[in-house]
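Only this structure's heavy atoms are used, side chains among them; waters, hydrogens and symmetry mates stay out.
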Amino acid sequence: MKKILMIATGGTIACMPSENGLVPGISGNDIISLVPELKNICTIDTLELLNIDSSNISPKHYVLMIEAVEKNYDLYDGFVITHGTDTMAYSSSMISCAIRNLNKPVVFTGSQLPLKAAGSDAYKNIKDAFLAASDNVYGVFLAFNGDIHYGDSVKKVYSENFTGFLSINSSVAGKSDNNKIVWNKIFKKHNDSPVFNKNISEKVFVLKMIPSLKPDIIDVLINMGYKSIIIEGYGAGGLPTEDCENNFIPALKKAIENNVSVICATQCLYDGVHLDKYPMGIISEKYGAVSSKNMTLEKTLAKVMLGFGNNMNLKELKKYLEND
């Protein structure tokens, strides 16, 4: 049997009722004891890394997760990270990008209802996560509602529905079926040793474009010391341009001249950014803006934070964003 380390971080799956609503209250060992079928899948140790609501997750917690996998990498065949659903896609994207050349599975999971709640989805999600982590696959995944998503292609799209997450611009990695995972590809091991990148910059701002937004917000962000601005534009990456009173092009040009990178993302879930489609995108790219292409916002943010954490210049960052 495979030996799996469960890294507990809290979240709804570990919650108990309190006078202030649901709060994390049960341990990783409690979770394992409440799902007795796991003993037929693998042997399990637990690590109580955190016990927090995932809304409180920050880059320092990403580092703790990366370090937990790094320190235990040679001791286990795979890892399951239990996590709150609200920011799980951000964490799975960060871990996917921060740890390269993984030759073992790291599987995130959580639930929309606490494990101890009647009718909870936690039992199935936990079981699927351990099935995935005990299989001969490599990389970072997120197990939820019978789907095994790639960790860097997933987004939370439901606040209560048990579906929870969808894979964006990607097929799912696999599906659970009759106590096994049916994978959609054959996984091959990396020839190189794993690399654990813990240099994460917090000087990245995500700006959501809305019709009333004024270009002077870019000056505010420059003055606040941000190194990069990811703009969630409209459609294929659209922003107000030269024929509009809220023309953003001069502001973007100023940001780039001040060594602040501008990354064009989209508010659309599917099909990605296409800066070659409309004048706005062509002009923005001419001045040095970079496309997030088909990446989710979560993955884009992870890669930009890692890029600036490792002191990449704009040319290096563009290449890093373009290469998976």
Side-chain angles (χ1 to χ4, degrees), residues 1-14 28 31-32 35 37-38 40-47 49-50 54 57 62 64-66 68-70 72-73 75-85 87-112 115 121-156 164-167 170-177 179-185 187 189 194 196 298-299:
M1 297 179 78
K2 296 289 183 71
K3 187 177 181 182
I4 307 300
L5 178 64
M6 191 186 96
I7 302 169
T9 69
T12 296
I13 196 168
I31 291 173
I32 298 304
V35 190
E37 304 98 306
L38 296 178
N40 299 319
I41 298 173
C42 56
T43 60
I44 303 169
D45 290 333
T46 61
L47 172 62
L49 187 68
L50 303 167
S54 73
I57 291 286
Y62 297 149
L64 292 176
M65 293 180 215
I66 297 165
V69 175
E70 181 180 22
N72 292 283
Y73 189 78
L75 302 176
Y76 294 92
D77 299 302
F79 303 85
V80 169
I81 301 178
T82 55
H83 195 292
T85 60
T87 61
M88 185 155 58
Y90 286 96
S91 292
S92 69
S93 293
M94 177 58 76
I95 304 308
S96 296
C97 296
I99 306 177
R100 309 304 295 175
N101 305 327
L102 267 174
N103 278 326
K104 297 179 181 182
V106 176
V107 186
F108 282 81
T109 197
S111 62
Q112 298 283 49
L115 181 59
D121 56 328
Y123 293 91
K124 178 173 178 54
N125 294 343
I126 281 284
K127 186 176 178 181
D128 286 348
F130 277 96
L131 285 169
S134 300
D135 221 333
N136 295 318
V137 295
Y138 319 106
V140 179
F141 307 94
L142 191 155
F144 217 85
N145 197 45
D147 288 327
I148 312 299
H149 303 275
Y150 293 106
D152 63 350
S153 302
V154 65
K155 182 181 287 287
K156 187 177 183 184
F165 295 82
L166 291 178
S167 288
S170 170
S171 62
V172 297
K175 287 181 173 288
S176 67
D177 181 28
N179 292 320
K180 65 179 181 179
I181 305 299
V182 179
W183 298 96
N184 291 331
K185 63 173 282 189
F187 293 83
K189 281 192 173 184
F196 299 88
E298 291 86 348
K299 182 176 182 179

- Atom pair CG (Asn101) and OH (Tyr138), whose distance is rounded to the nearest 0.5 Å: 13.5 Å

- Query: With a cut-off of under 6.0 Å to the ring centre and 45° to the axis, is Lys127 in cation-pi contact with Tyr123?
  - Reply: no

- Could you label the plane-to-plane angle of the Phe187 and Phe141 rings as parallel, tilted or perpendicular, counting under 30° as parallel and over 60° as perpendicular? perpendicular

- Message: Is any side-chain heavy atom of Lys124 closer than 4.5 Å to one of Ser176?
- Response: yes

- Message: Can you classify the ring geometry of Phe165 versus His149 as parallel (below 30°), tilted (30 to 60°) or perpendicular (above 60°)?
- Response: tilted

- Query: Taking the six-membered ring of Phe79, is the NZ or CZ of Lys104 close enough (under 6.0 Å from the centre) and on axis enough (within 45°)?
  - Reply: no

- Message: Could you check whether any side-chain heavy atom of Asp77 comes within less than 4.5 Å of a side-chain heavy atom of Met1, counting everything from C-beta outward?
- Response: no

- Would you indicate whether the side-chain heavy atoms of Met88 and Lys156 approach each other to under 4.5 Å? no

- Please confirm whether the backbone N or O of Ala89 pairs with a side-chain atom of Ser92, one donor and one acceptor, at under 3.5 Å? yes

- Considering non-hydrogen atoms only, spot the tightest contact between Cys42 and Ile4 and give its length. SG-CG1, 3.7 Å

- Query: Can you find a pair of side-chain heavy atoms, one from Ile57 and one from Met65, that are under 4.5 Å apart?
  - Reply: yes

- Query: Side chain of Asn184, backbone of Val172: donor and acceptor closer than 3.5 Å?
  - Reply: yes

- Please check if the side chain of Ser54 supplies one atom and the backbone of Gly11 the other of a donor-acceptor pair under 3.5 Å. no

- Are Val35 and Phe130 side-chain neighbours, meaning at least one heavy-atom pair lies under 4.5 Å? no

- Ignoring hydrogens and angles, tell me if any N or O in the side chain of Thr9 forms a donor-acceptor pair with the backbone of Thr82 under 3.5 Å. yes

